[in-house]
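Bear in mind the structure is a predicted one, so any value in this text is a computation, not a measurement. Quick note on labels: first sequence line is chain A, next is B, and so on, each numbered from 1. Below, all heavy atoms of this structure are taken into account, side chains as well, without hydrogens, waters or symmetry copies.
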Amino acid sequence: GEDVEQSLFLSVREGDSSVINCTYTDSSSTYLYWYKQEPGAGLQLLTYIFSNMDMKQDQRLTVLLNKKDKHLSLRIADTQTGDSAIYFCAGVDNNAGNMLTFGGGTRLMVKP
Amino acid sequence: GAGVSQSPSNKVTEKGKDVELRCDPISGHTALYWYRQSLGQGLEFLIYFQGNSAPDKSGLPSDRFSAERTGGSVSTLTIQRTQQEDSAVYLCASNAGGGGTGELFFGEGSRLTVL
């Protein structure tokens, strides 16, 4: 089945760019996702990328997809303290009834 | 309601007691997931329901854990003889299955504390 890996922790200063990385094993996932979890809340979809795209930009967010290396990244420009949260990448396991599989989450801490 | 609803939002129980956690998914969503999240940790997959297919129970940590989904809608996660290590936030999520972008909608979670 799908295996999704992320680094656990990232600390940046306010105004810097943040880059959160993710690797996955199942290349058949039609979409790849980034979810954000703020303290005490459930997860919310932040952005997603279709598998035939290399890049998707949405305001301060840039998603890069390298299918050859099975590598997904999320770049947050001009990181703000409100961006402090846990970020999860996820892919679809097409061999398990289209079940979403999440990485372990990257905790982003933004220092003022 | 418009979103995924979970109850109770908080549950404190004594070790050895049974607990039931409820999830009411978004109407029409065929897929339903349960996850567990311990303090400051990532998501631990527990169980996945998709339509009328047999559920994927591969994430359930022990036979004290069980879940059912009645009528393809509401789901109940039951933990028998609770242990302190069961303390966590239990998250439920649903989506429309394989259609669309596959976006998963999460409830706010049920925080379980086992004393």
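By the criterion of side-chain heavy atoms lying less than 4.5 angstrom apart, applied directly or through intervening Ile, Leu, Val, Met, Phe, Trp or Tyr residues, A/M53 is grouped together with A/Y31 in one hydrophobic cluster. In the hydrophobic clustering of this structure, B/F45 does not group with B/L60; members are Ile, Leu, Val, Met, Phe, Trp, Tyr whose side-chain heavy atoms approach within less than 4.5 Å, directly or through other members. At a threshold of 4.5 Å between side-chain heavy atoms, the hydrophobic network of Ile, Leu, Val, Met, Phe, Trp and Tyr places A/F102 and B/W34 in two separate groups. The cluster map of Ile, Leu, Val, Met, Phe, Trp and Tyr, joined by side-chain heavy atoms under 4.5 Å apart, puts B/L77 and B/F106 in different clusters. Following chains of ILVMFWY side-chain contacts shorter than 4.5 Å, one can reach A/V110 starting from A/W34, so the two form part of one hydrophobic cluster.
Proximity to chain B among residues 36-48 of chain A is limited to A/Q37, A/G40, A/A41, A/G42, A/L43, A/L45, A/Y48, judged by heavy-atom separations below 4.5 angstrom. Of all residues spanning residues 58-80 of chain A, none has a heavy atom less than 4.5 Å away from chain B's heavy atoms.
With a 4.5 Å cut-off on non-hydrogen atoms, B/Y35 touches chain A through its side chain but not through its backbone. The contact between B/L91 and chain A is made entirely by side chain atoms (from C-beta outward), counting heavy-atom distances below 4.5 Å. For chain B, no part of A/F50 is nearby; none of its heavy atoms comes within less than 4.5 Å.
Nearest approach of A/L100 to B/Y33, heavy atoms of both residues: N-OH, 2.9 Å.
Heavy atoms of other residues, nucleotides or ligands lying less than 6.0 angstrom from CZ of B/R111 number 12 at most. In the displayed structure, A/N52 atom CG is contacted under 6.0 Å by more than 12 heavy atoms of other residues, nucleotides or ligands. Heavy atoms from other residues, nucleotides or ligands lying under 6.0 Å from CE of A/M109 number 12 at most.
Judged by distance alone, with hydrogens and angles left aside, the side-chain atoms of A/Y33 form no donor-acceptor pair with the main-chain N or O of B/L104 at under 3.5 Å.
You'll find the side chain of B/E103 reaches within 4.5 Å of the side chain of A/Y35, heavy atoms only. By the 4.5 Å heavy-atom criterion applied to side chains, A/T101 and B/Y48 are not counted as neighbours.
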